[in-house]
Amino acid sequence: MTNSGSRASLARDFERFQRELPRDFPAHVRDAYRINLSARYLGEPIPHPVGKGSGQLSLNVGQLETDAEAGLAFAVLKTVIAQDATGAQSMAAWAIHETKMKIERRGGGWTVTWKGRGWDRSFADYLALVRAGRDLTRAGQLLTVPSVKYHLPRLDEPFRDDEYAFTTRALAQAWGKSPLLLEKDFSPTLAGDQLADEKEQILRWLRDVPQRIRAHGEVRLAMKLMNARFDDDFQREMMEAAGRADALVVFNRLFDSVQGAAYGGTELSDRNLRVLDRPSARPPVRPSLSGTGNIHSGRMIVEYARRGSSSVQLHTFFQLPLEEYPATDGSRTQRALHALIFDPRDGLIATLLHLEETGVLARRDGELHFLDLLPDAYRPR
Ligand SMILES: Cc1cc2nc3c(=O)[nH]c(=O)nc-3n(C[C@H](O)[C@H](O)[C@H](O)COP(=O)(O)O)c2cc1C
């Protein structure tokens, strides 16, 4: 099909999928457009790049089932605060309860204002959610991955290994199969905390946390890096220090110390993309990257991919007011995916076709490949 033929099909698909997005839309995209959306998260092959970042939208089984039905590629569970065998949590200040979320515009984008932090129910409840996620993963319906905030010491303190041991083992046992895929969250509220005042302290965490976790189980580890309150060079230094992780999630929300709250929007994607643009002498392939921050269009997915991200994780775009989505029916997850993939102006298909027309992306064996957007050093082999 010529690109003008593809454009006409895209306009038609966008319109007919407004009512219902087919669950296996990646197969349709491959068939109809010869575009291969295959992507990777934490080394796992996924049918397309769009997943859900950890947070309030992955707190219960109902949310996961809706995501599985919509054909989301993966979901990261809400962050649980690590504990030892007695239930003690050194990061207990992060396990606070807060329900109110406010979605508002910020600098041309959207942001969610919310003062809550980590998982605020029991650890046993979290393990039940992990088991439900495991079952969906095994059934091939939705890759799910737990997320943990473990103890982070001051420079002159040791790591509390009993929290690392108890939490990692309990999660590995709930998951059953090795390896356990896991995200370690370094959150924006942490960036706003006194604990993160010192660069050396942060770099030590990033260097040491992978082996602290892996000492207690076979774990494939993604580290979700915070936007520290230092300059872009330091943000890059953090990425280098975190080189022992299998993947990095780049980068969690910014912290507004006046409001005492995390925020996103265009400031967040500007900062993230700017940092990812900085040259680095990284070795090929490891850690892989998963982009996060103000992703609300296929065009923005491509921005992160061209800077190395083999998948993306969204939160805010899955919680817009319903009238902001072009779809008229379906769950928020379906409506968001419909816009991200099929929008004829700045959806993923339209953006990939545009890159082909301008000679940036070429077909291989007749297909355009999403993963071909990644620079060489980031491309999975
Ligand atoms: C209300 C809310 C709660 C969040 N909770 C967590 C969390 O517990 N753990 C985590 O790693 N990230 C958390 N995040 C960050 C998101 O997963 C995501 O990385 C971030 O918001 C940037 O993406 P976005 O601009 O699409 O929202 C949260 C975000 C929001 C808005």
Side-chain angles (χ1 to χ4, degrees), residues 52-60 63 75-82 89-121 147-152 183-199 201-202 205 223-232 234-235 238 248-275 290-296 300 304 312-321 324 332 336:
K52 181 175 271 185
S54 171
Q56 304 322 98
L57 309 176
S58 48
L59 288 171
N60 59 55
Q63 290 169 323
V76 184
L77 304 181
K78 177 68 188 171
T79 300
V80 73
I81 311 304
Q89 298 173 310
S90 55
M91 307 298 274
W94 273 268
I96 60 171
H97 180 73
E98 168 69 55
T99 50
K100 245 196 327 192
M101 285 190 274
K102 196 163 96 197
I103 175 123
E104 50 199 340
R105 292 195 178 271
R106 179 161 182 148
W110 291 90
T111 187
V112 181
T113 305
W114 179 68
K115 299 239 171 144
R117 294 176 172 197
W119 179 262
D120 58 6
R121 284 177 274 150
S147 162
V148 184
K149 183 181 279 105
Y150 289 94
H151 173 238
L152 296 172
E183 264 194 25
K184 156 73 181 127
D185 174 32
F186 294 85
S187 66
T189 43
L190 175 69
D193 192 89
Q194 278 180 359
L195 258 183
D197 277 351
E198 272 183 64
K199 290 183 177 176
Q201 197 151 283
I202 297 175
W205 297 337
M223 297 215 283
K224 186 167 183 177
L225 303 186
M226 59 185 171
N227 263 301
R229 288 169 302 161
F230 300 106
D231 61 13
D232 295 359
F234 181 70
Q235 203 62 26
M238 287 171 58
L248 302 179
V249 186
V250 288
F251 300 97
N252 210 330
R253 301 200 299 164
L254 297 161
F255 191 74
D256 181 333
S257 46
V258 178
Q259 276 205 16
Y263 67 97
T266 41
E267 238 178 286
L268 175 60
S269 47
D270 285 353
R271 154 99 163 173
N272 287 355
L273 297 176
R274 200 173 64 229
V275 168
S290 186
T292 193
N294 192 38
I295 295 165
H296 55 268
M300 191 59 101
Y304 277 92
V312 289
Q313 311 189 2
L314 291 60
H315 198 287
T316 302
F317 194 65
F318 289 122
Q319 52 184 156
L320 298 189
E324 294 295 328
R332 271 198 173 70

Open item on the list: If I take atom CG from residue Leu254 and atom CD from residue Glu267, how far apart are they, to the nearest 0.5 angstrom?
Closed with: 6.0 Å

Open item on the list: By the definition side-chain hydrogen bond (donor to acceptor under 3.5 Å, both in side chains), identify the one residue from Asn227, Thr266, Asn294 that meets it with Arg271.
Closed with: Asn227

- [ ] State, with a plain yes or no, whether a side-chain heavy atom of Gln56 is found less than 4.5 Å away from one of Gln319.
- [x] no

TODO: Answer whether the closest heavy-atom distance between the side chains of Arg121 and Leu59 falls below 4.5 Å.
DONE: yes

- [ ] Check whether any side-chain heavy atom of Leu152 lies under 4.5 Å from a side-chain heavy atom of Lys184, and answer yes or no.
- [x] yes

Open item on the list: Restricting to non-hydrogen atoms, name the atom on Thr113 and the atom on Ala261 that form the minimum distance, rounded to 0.1 Å.
Closed with: CG2-CB, 4.4 Å

Open item on the list: Arg332: which residues meet the salt bridge (Lys or Arg N to Asp or Glu O under 4.0 Å) condition with it, sequence neighbours left out?
Closed with: none

- [ ] For Asp256, enumerate each residue passing the side-chain contact (heavy atoms from CB on, under 4.5 Å) test, keeping only those at least two apart in sequence or located in another chain.
- [x] Arg106, Val258, Gln259, Tyr263

TODO: Look up atom NZ in Lys78 and atom CH2 in Trp119, then write down how far apart they are to the nearest 0.5 Å.
DONE: 9.5 Å

TODO: Determine the minimum heavy-atom distance between Met300 and Ile295, stating which atoms define it.
DONE: CG-CA, 3.8 Å

Task: Spatial distance of atom OG1 (Thr111) from atom CD1 (Ile103) [nearest 0.5 Å] - done: 7.5 Å

- [ ] Working to the nearest 0.5 Å, report the span between CG of Asn272 and OH of Tyr304.
- [x] 4.0 Å

Open item on the list: Can you confirm whether Glu183 sits close enough to Gln313 that some side-chain heavy atom of one is under 4.5 Å from a side-chain heavy atom of the other?
Closed with: yes

- [ ] Report the residue from Val250, Val249, Leu314 that forms a side chain to side chain contact (heavy atoms under 4.5 Å, CB included) with Thr292.
- [x] Val249

- [ ] Return yes if some donor-acceptor pair links the side-chain N/O of Thr79 with the main-chain N/O of Val148 below 3.5 Å, else return no.
- [x] no

Task: Closest heavy-atom pair and its distance - Lys52, Leu57 - done: NZ-O, 3.3 Å

- [ ] Could you pull out the closest heavy-atom pair between Phe230 and Lys199, with the gap in Å?
- [x] CD2-CE, 3.6 Å

Task: Lys224 with Asp185: basic N within carboxylate O range, under 4.0 Å - done: no

Task: Phe251 side, atom CZ; Gln235 side, atom CD - distance, nearest 0.5 Å - done: 4.5 Å

Open item on the list: Between Arg253 and Val112, is there a side-chain heavy-atom distance shorter than 4.5 Å?
Closed with: yes

Open item on the list: Any heavy-atom pair between the side chains of His151 and Gln89 that's under 4.5 Å?
Closed with: no

- [ ] Could you tell me whether the side chain of Ile202 reaches within less than 4.5 Å of the side chain of Phe186, counting heavy atoms only?
- [x] no

Task: Atom pair CE (Met226) and CG (Asn252), whose distance is rounded to the nearest 0.5 Å - done: 10.0 Å

Open item on the list: Is any side-chain heavy atom of Glu324 closer than 4.5 Å to one of Trp110?
Closed with: yes

